[in-house]
Number of protein chains: 2
Amino acid sequence: MSAPGSFVHQYSLNEVFASRLRLAIFSERNLSKRNSSLPVTLLTTAKPKDSMLTGFGSASRSGGLVDLGHRATIEDVAARAGVGVGTVSRVLNQQKHVSRVMREKVEVAIAELNYRPSRLARALSKGGSDIVSIVAPYITRPSVVARIDSCLAGLNRVGIVASLFGVFNRAQFDQVIDTLSDRHSTMALVVVSIPVTDAQARGLRSANVNLVGLDIDVAGSDSVFVDNIHGGEIVGTHLLSRGYHQIGFIGDADSGKFQFTSTDARLCGLRSALRQGGSSLEIGHIKLCEHGTSQAKECAMELLTSNRPPDAIFASSDTGALGVLSAANELGVRVPEDLGVVGFDNLEMAAVVGLSSVLQPLSLSGEIVAERLIRQLTQSDAHPVHTMLDLELVERTSTSRVPNLVRQLQPTT
Amino acid sequence: MSAPGSFVHQYSLNEVFASRLRLAIFSERNLSKRNSSLPVTLLTTAKPKDSMLTGFGSASRSGGLVDLGHRATIEDVAARAGVGVGTVSRVLNQQKHVSRVMREKVEVAIAELNYRPSRLARALSKGGSDIVSIVAPYITRPSVVARIDSCLAGLNRVGIVASLFGVFNRAQFDQVIDTLSDRHSTMALVVVSIPVTDAQARGLRSANVNLVGLDIDVAGSDSVFVDNIHGGEIVGTHLLSRGYHQIGFIGDADSGKFQFTSTDARLCGLRSALRQGGSSLEIGHIKLCEHGTSQAKECAMELLTSNRPPDAIFASSDTGALGVLSAANELGVRVPEDLGVVGFDNLEMAAVVGLSSVLQPLSLSGEIVAERLIRQLTQSDAHPVHTMLDLELVERTSTSRVPNLVRQLQPTT
DNA sequence: CACGTTTGATCGTTACCCTCG
DNA sequence: CCGAGGGTAACGATCAAACGT
């Protein structure tokens, strides 16, 4: 019985970790100090943990299951079925050269022991894992999770469960990519919104990791993205056509953190459309702030209370546009009469509050990525495809100066 | 050189996968069929993939890096440093019995080869991995991602990068838990909102996986959650105190999918508060629908256009409450004069639209879970702690009957 | 020579047991 | 006899080659 030893591993592993966790002691203390002044109630602190340490007792808890005290290995199965491990492996991998009798014997043993092959050992042996990973920033943002969710759903449809890494900055992103650039770690990788360097792409390729870009273009790999410059142009053209001329812009300032390009691109497009329309964008009418409703609201407040307030504001996200609407409402500025407002992403909430917004096919983008990924995994000779999705302005009341159109609340999803 | 062979692995691996992907062919075809009628533009379909197959070329791309053609192993490092693998391992794990000279030699070799130990091989050898996993449903919901995000942030602070599994139903959840119930797969696991069965908890424990419940209570494990019944009570009491008596309820109907309990609990609390206040909840005033703004809006429409419309509606989420507000607005029902509206979660958007809502400390819950987890990993003798966080009603205009406080953000006439 | 089965090498690390100064 | 380092079984699987019938 090697089980007792296996429990010791837990401790040694923790000790290894302890060195990396020295920081934790502090943040932990701070946290618990904070907690004491917060609405936290400790209910119980009980439970003996003997059962955790033994784990043996009551051999057959349910059905005909046999409890070995540790997770069954292929060897346990082989022993119980009275065959060699190779035979079990062949059964597992649906290979030939296994007689009906043996196969059944093995299957019975597998069921009895509740055996599951270790993905780790399998990956190590095969020289590649069967895991699909997704790396994404800002998983709290609706536009990001909408993409991820539909991508997950698409992968799920064929039985793939992907694991998601949410990163907070470039350094962390780089670290995750580095970890994943290992033939054993992952079979495929979807990177959302964060630009991938050539070196990183090369590293992944040489580790046989299939890379797909979602909301970014990656040279030499599949990718699905939109033309943000064009998105800005659409907005500019639309606002001009509605008779707005003093256009303001509120965008995300955190571009440097991940080297995002979407805000810049949209601003660039807006500028170009205004220029073409004989208008222009005043420096004072451009505000950059952290992504968020309240942050955008502040910016809008500044713009609207300035000497030369704009008569329309383009927020580079619906989340921000909501802040603009809120600011206008608070200041008594009428939308759309005194102020036109346009957002980006066309989230569900845009329809609810009557916000004009640029529709980018978020869930479609995720689906296509899933599709591309599946194709890469099935067809090894697939060439990289760069897919650009079109953008489209969904016009609602926030830019409509015609009163009788105000009732138009239902969008074209 | 074993490199050429390693590339072949890719293909064989794909073939193994192909059998599981038979379904994919169909969904793929369907998808691409659909695409043809959608705004999709294919830009390029080029790029030779020779470089992918060789991976050797240009030996030293940057600095003094040496390219072996394959990811360096501990053996490569040992060879280059002129030592045995054991020594390299000792250096890597900060162990004793390594002289200064040797350590430096090894470190140089590691740098030159850009060597990273394989987590897989390490986990297999040590009998346990150093990965932290999170399993959660509905990652598109703000309340869920808010929790996850703060938990990730807390873990990140001490250098832990967790991987997140988004699941779509019970079966998938069970599958993920089963996969993770392997001593090699993960060191710790956070389960969000989905009830964990005793058998699952036992399985995880016997695999030495530290389990923490977030938004659920797990017997025998750390967990952080709220008292949803009390949440319902708070709302009921508040509405009664504002003079609302015909209370309606709109909740999520998908409870069965994951066996969620929060909607039921909140309804139960609401009922009990009304009963105590001498009122009651009419059967016809209870609506259950899929989670979402538009779905809740439909339910609200039905309620408000019925023979006996309620004078207040409690939606079990802010997302739903937004739909209620939208419905009221569309029907010309004044909020809060004719209709009181209360939501749950107190998302940022609640403040923007003046929605009264029950504040549950979403990000705090994630932080505490991170803290508990770190404690478990550092102190092996920690007892399980069940933490219940308090709820609190944030009162805004949607339940305030003083007319001049009413703010109307929606595009009303 | 088919077919079924066992055996041993391999994947990259760690842990343990040696052997030297 | 101790401290520094070298070999070599594990870990749990896959796969090819050898082996009986």
Side-chain angles (χ1 to χ4, degrees), chain A residues 2-3 5-6 8-9 12-13 15-16 68 70-79 81-106 110 113 115-130 182-185 207-208, chain B residues 2-3 5-6 8-9 12-13 15-16 68 70-79 81-103 105-106 110 113 115-130 182-185 207:
Chain A
S2 66
S6 72
V8 177
H9 279 136
S12 58
L13 217 145
E15 280 155 29
V16 169
L68 296 168
H70 62 89
R71 184 133 169 154
T73 73
I74 199 171
E75 225 163 335
D76 298 322
V77 175
V83 300
V85 287
T87 308
V88 178
S89 178
R90 245 170 287 126
V91 171
L92 287 172
N93 297 294
Q94 322 260 31
Q95 284 175 22
K96 289 200 152 191
H97 307 302
V98 181
S99 69
R100 195 181 183 72
V101 199
M102 281 300 164
R103 160 161 280 128
E104 274 165 12
K105 256 198 215 170
V106 170
I110 287 177
L113 296 171
Y115 166 75
R116 309 270 166 204
S118 157
R119 324 182 82 73
L120 241 89
R122 177 187 297 226
L124 186 57
S125 177
K126 292 194 75 148
S129 112
D130 62 350
D182 177 348
R183 202 161 51 261
H184 307 302
S185 310
N208 267 340
Chain B
S2 66
S6 73
V8 177
H9 278 135
S12 59
L13 217 145
E15 280 156 30
V16 169
L68 294 168
H70 63 88
R71 183 133 169 155
T73 73
I74 199 173
E75 225 163 336
D76 299 322
V77 175
V83 300
V85 286
T87 308
V88 178
S89 179
R90 252 168 266 137
V91 170
L92 286 172
N93 298 294
Q94 322 259 30
Q95 283 174 23
K96 289 198 152 195
H97 307 302
V98 182
S99 71
R100 195 178 181 72
V101 198
M102 282 298 170
R103 162 161 281 129
K105 257 197 214 169
V106 170
I110 287 177
L113 295 170
Y115 165 76
R116 308 270 166 202
S118 156
R119 327 180 79 73
L120 240 89
R122 170 181 301 206
L124 185 58
S125 178
K126 291 195 74 147
S129 112
D130 62 349
D182 179 346
R183 200 159 52 259
H184 307 301
S185 309

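Every chain is numbered from 1 and lettered A, B, ... according to where its sequence line falls, protein lines coming before strand lines.
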Side-chain N or O of B/Lys126 versus OP1/OP2 of C/dT13: is the shortest distance under 4.0 Å?
no
Counting only heavy atoms from other residues, nucleotides and ligands, does the tally under 6.0 Å from CD of B/Glu75 exceed 12?
no
Which pair of heavy atoms, one from A/Gln95 and one from A/Arg103, lies closest together, and at what distance?
O-NH2, 3.5 Å
Between A/Val88 and B/Arg103, the residue closer to the 5' end of DNA chain D by nearest nucleotide is B/Arg103
According to a strict under-4.0 Å criterion, is B/Arg119 in side-chain N/O contact with OP1 or OP2 of C/dG12?
no
Answer yes or no: does a side-chain N or O of B/Thr87 lie under 4.0 Å from OP1 or OP2 of D/dG6?
yes
Which nucleotide in C/dT5, D/dT14, C/dA15 has an atom nearest any side-chain atom of A/Asn93
D/dT14
Measure from the side-chain heavy atoms of B/Arg122 and tell me the nearest of D/dA13, C/dT5, C/dT14.
C/dT14
Minimum heavy-atom separation for A/His184 to B/Leu120, with atom names?
O-CD1, 3.5 Å
Measure NE2/A/His184 against C1'/C/dT13 and give the value in whole Å, please.
10 Å
Could you state the CG-C1' distance from B/Leu120 to D/dG12, rounded to the nearest angstrom?
11 Å
B/S/- contact track for nucleotides 16-21 of chain C, protein heavy atom under 4.0 Å:
------
Could you tell me if the side chain of B/Val83 sits less than 4.5 Å from the side chain of B/Met102, heavy atoms only?
yes
Using the side-chain heavy atoms of B/Ser125, tell me which of these nucleotides is nearest: C/dC11, D/dA10, C/dT5.
D/dA10
Residue A/Ala121, side-chain heavy atoms: nucleotide from C/dT5, D/dG6, D/dG12 that is nearest
D/dG12
May I have the distance from B/Gln94 (atom CD) to C/dA15 (atom C1'), rounded to whole angstrom?
17 Å
What's the CE-P distance between B/Met102 and D/dG3, to the nearest Å?
18 Å
Where do B/Asp76 and B/Arg71 come nearest, in terms of heavy atoms and distance?
OD2-O, 4.1 Å
Of the nucleotides C/dT14, D/dG5, C/dT6, which has the atom closest to the A/Val83 side chain?
C/dT6
Measure the distance from NE2 on B/His97 to C1' on D/dG3 and round it to the nearest whole Å.
7 Å
Please confirm whether the shortest side-chain N or O distance from B/Arg183 to OP1 or OP2 of D/dC11 is below 4.0 Å.
no
What contact category does A/Gln95 fall into here, base, sugar-phosphate, or nothing, at under 4.0 angstrom with non-hydrogen atoms?
sugar-phosphate
Touch class at under 4.0 angstrom, heavy-atom based, for A/Arg71 against every strand present:
nothing
In whole angstroms, the gap separating C1' of D/dC15 from CG of A/Leu92 amounts to 13 Å
Nucleotide C/dA15, atom C1' - distance to CG of B/Leu124 in whole Å:
13 Å
If you check every side-chain atom of B/Tyr115, which of C/dT13, D/dC11, C/dG12 has the closest atom?
C/dT13
Is the phosphate of C/dT5 approached by A/Ser99 (side-chain N or O, under 4.0 Å from OP1 or OP2)?
yes
Would you indicate what B/Arg100 reaches in the nucleic acid, counting non-hydrogen atoms under 4.0 angstrom: base, sugar-phosphate, or nothing?
nothing
Does A/Thr73 reach a base, just sugar-phosphate, or nothing at all? Heavy atoms under 4.0 Å.
sugar-phosphate
Base, sugar-phosphate, or nothing for B/Val85, non-hydrogen atoms under 4.0 angstrom?
base
Looking only at heavy atoms, which two atoms of B/Tyr115 and B/Val77 are closest? And how far apart?
CG-CG2, 3.5 Å
Closest heavy-atom pair and its distance - B/His97, B/Arg90:
O-NH1, 3.8 Å
Decide yes or no for A/Asn93 and A/Arg122: does some side-chain heavy atom of the first lie under 4.5 Å from some side-chain heavy atom of the second?
yes
Closest contact, heavy atoms only, B/Ile74 versus B/Ser89:
CD1-N, 3.9 Å
What is the distance from CG of A/Asp182 to P of C/dC11, rounded to the nearest Å?
14 Å
